[in-house]
Amino acid sequence: MIKITVSVDLLKEKLDSYFSNNITKEQLGIWAKEEYYKVLTGEYLYIDKLVIHKFLKKISEFHIKEDDRKDEYPATEEEIWDIYSIINGEKDISFYGSIRILQRYLEKFLSKEEISKISKIKESILKNSNDYHKQKVCLCLQQINEIFDQKCIQPTTIIEMLRVFIVDMINNMMTKSVIDVSSSSFGLYLRPEDRTDQKNINKILKLISCILGEEAFEICIIYNNGCPNISFLI
């Protein structure tokens with residue numbers, strides 16, 4: 001099980017402090033604004049930050065002054081209490097969104113050499129992805145596997161999660177076993193299609209494109225009993 005509640009726990013501490021009158025509305029709002037800025041400038045790729053980004057956005061508006069001309073309106077006490085109820089497990093919620101890995105942030109996690117190599121292998125798979133070049137495609141998949149198969153026991157970033165999905169899919173294809181790339185805290189949900197080798201190769205290509213920032217992908221974040229889970233729909 002991956003630990004994706006680090007930032008949730010910190011957020012809960014801050015809200016505990018606010019509702020215990022240990023910090024002010026301004027202090028809470030300014031803290032959330034600073035954290036939300038970090039999310040917007042790359043930290044959204046960290047899973048524990050991604051699962052609270054909507055909460056941070058709302059709380060960052062808690063201390064602002066109402067300004068009709070700028071279309072700025074502060075979050076209400078009721079909205080902040082609603083967030084508090086969710087992370088305390090008193091209310092369940094789910095929300096969907098689309099996300100893309102921007103190139104300038106990707107290079108913090110993969111070297112330019114790795115990115116170039118992955119791109120070339122992807123192009124080779126596309127070029128040889130038919131019944132007449134299965135051996136070449138298998139070789140390319142093995143090369144991708146070697147790049148991505150760095151043991152991520154507890155993935156902490158979206159990129160690591162996508163890498164895990166790719167490695168699991170390749171391994172399952174090679175062994176012809178049932179595709180099951182999920183855990184108690186995160187999962188990959190493939191759209192219902194025939195799971196032929198070609199379909200699986202297309203899914204792997206899609207995942208690679210997501211890692212390279214060439215395509216956006218959908219995510220679903222669910223809070224159940226105060227615990228966040230994140231899923232990808234590819």
Side-chain angles (χ1 to χ4, degrees), residues 2-8 10-11 32-57 60 96-129 137 139-171 181 183 185-190 200-221 228 230-234:
I2 64 172
K3 181 68 172 176
I4 65 173
T5 60
V6 175
S7 292
V8 177
L10 178 57
L11 176 56
K33 183 178 180 180
E34 291 172 349
E35 291 300 309
Y36 186 58
Y37 177 77
K38 294 176 186 177
V39 171
L40 293 179
T41 53
E43 288 196 0
Y44 70 94
L45 295 178
Y46 289 93
I47 301 160
D48 70 317
K49 290 295 181 70
L50 183 60
V51 297
I52 66 166
H53 77 284
K54 277 187 172 288
F55 301 152
L56 290 174
K57 183 177 187 300
S60 71
Y96 295 81
S98 181
I99 191 170
R100 184 188 290 269
I101 298 172
L102 298 181
Q103 187 72 29
R104 61 181 177 274
Y105 303 136
L106 175 62
E107 293 177 1
K108 294 181 180 180
F109 301 94
L110 293 173
S111 68
K112 290 183 178 180
E113 290 74 20
E114 286 176 314
I115 295 170
S116 176
K117 187 174 182 180
I118 293 165
S119 296
K120 289 177 181 177
I121 295 173
K122 178 195 163 191
E123 291 304 314
S124 182
I125 294 174
L126 285 168
K127 180 180 178 180
N128 297 292
S129 188
V137 172
L139 179 61
C140 290
L141 292 176
Q142 289 172 357
Q143 292 174 327
I144 288 291
N145 217 17
E146 290 172 4
I147 296 173
F148 286 152
D149 193 15
Q150 300 173 7
K151 301 303 179 183
C152 295
I153 299 174
Q154 292 189 331
T156 59
T157 70
I158 291 175
I159 293 172
E160 288 174 344
M161 288 174 67
L162 293 174
R163 281 169 47 178
V164 168
F165 295 150
I166 290 171
V167 169
D168 283 351
M169 286 194 70
I170 292 174
N171 289 339
V181 285
S183 78
S185 292
F186 68 92
L188 171 68
Y189 293 88
L190 303 178
N200 290 331
I201 289 170
N202 289 342
K203 294 298 183 184
I204 290 169
L205 288 170
K206 168 83 172 179
L207 288 166
I208 293 172
S209 293
C210 291
I211 285 181
L212 294 175
E214 297 168 349
E215 294 189 43
F217 50 94
E218 296 174 51
I219 61 168
C220 174
I221 298 171
I230 185 168
S231 302
F232 295 68
L233 181 60
I234 304 294

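Residues passing the ring pair (Phe, Tyr, Trp, His ring centres under 6.0 Å) test with Y36: none are found, sequence neighbours excluded. Scanning for side-chain contact (heavy atoms from CB on, under 4.5 Å) contacts around S111 gives E113, E114, with sequence neighbours left out. Residues forming a side-chain contact (heavy atoms from CB on, under 4.5 Å) with Q142 (at least two apart in sequence, or on another chain): L139, M174. For the side-chain contact (heavy atoms from CB on, under 4.5 Å) test, residues two or more places apart in sequence or in another chain that qualify with S124 are N128, C140. In this structure S209 satisfies the side-chain contact (heavy atoms from CB on, under 4.5 Å) test together with K122, E214, E215, sequence neighbours excluded. Residues passing the side-chain hydrogen bond (donor to acceptor under 3.5 Å, both in side chains) test with K57 are E61, sequence neighbours excluded.
Contact between P155 and M161 at its shortest, heavy atoms only, is CB-CG, 3.8 Å. The two atoms that bring K108 and T41 nearest to each other are NZ-O, 4.1 Å, heavy atoms only. The nearest pair of heavy atoms linking I230 to L50 is CD1-CD2, 3.4 Å.
You'll find the side chain of Y44 reaches within 4.5 Å of the side chain of L102, heavy atoms only. Under the 4.5 Å side-chain criterion, counting only non-hydrogen atoms from C-beta, V164 is not in contact with F148. With a 4.5 Å cut-off on side-chain heavy atoms, L207 and M169 count as touching. The shortest distance between side-chain heavy atoms of L141 and I125 falls below 4.5 Å. Residues L10 and I52 have side chains not in contact (no heavy-atom distance under 4.5 Å, counting atoms from C-beta outward). No side-chain heavy atom of V8 sits under 4.5 Å from any side-chain heavy atom of D48.
Summarising the geometry, atom CD1 belonging to I158 is positioned 12.0 Å from atom CG belonging to L106; distances are rounded to the nearest 0.5 Å. Between the SG atom of C210 and the CZ atom of F232 there is a distance of 9.0 Å, given to the nearest 0.5 Å. In this structure, CG in L205 is found 9.5 Å from CD1 in I166, a value given to the nearest 0.5 Å. Taking CD1 of I159 as the reference point, atom CG of L45 lies at 5.5 Å (rounded to 0.5 Å). In this structure, CD1 in I118 is found 7.5 Å from CD1 in I208, a value given to the nearest 0.5 Å. Atoms OG and CG, from S119 and L212 in turn, are 4.5 Å apart once rounded to the nearest 0.5 Å.
Heavy-atom neighbours of K206 NZ from other residues, nucleotides or ligands within 6.0 Å: above the threshold of 12. Under a cut-off of 6.0 angstrom, the local environment of CZ in F217 is crowded, with over 12 non-hydrogen atoms contributed by other residues, nucleotides or ligands.
Applying the salt bridge (Lys or Arg N to Asp or Glu O under 4.0 Å) test to pairs two or more places apart or on separate chains, those with a residue in residues 32-44 are E35-K38, E35-K49, E43-K49.
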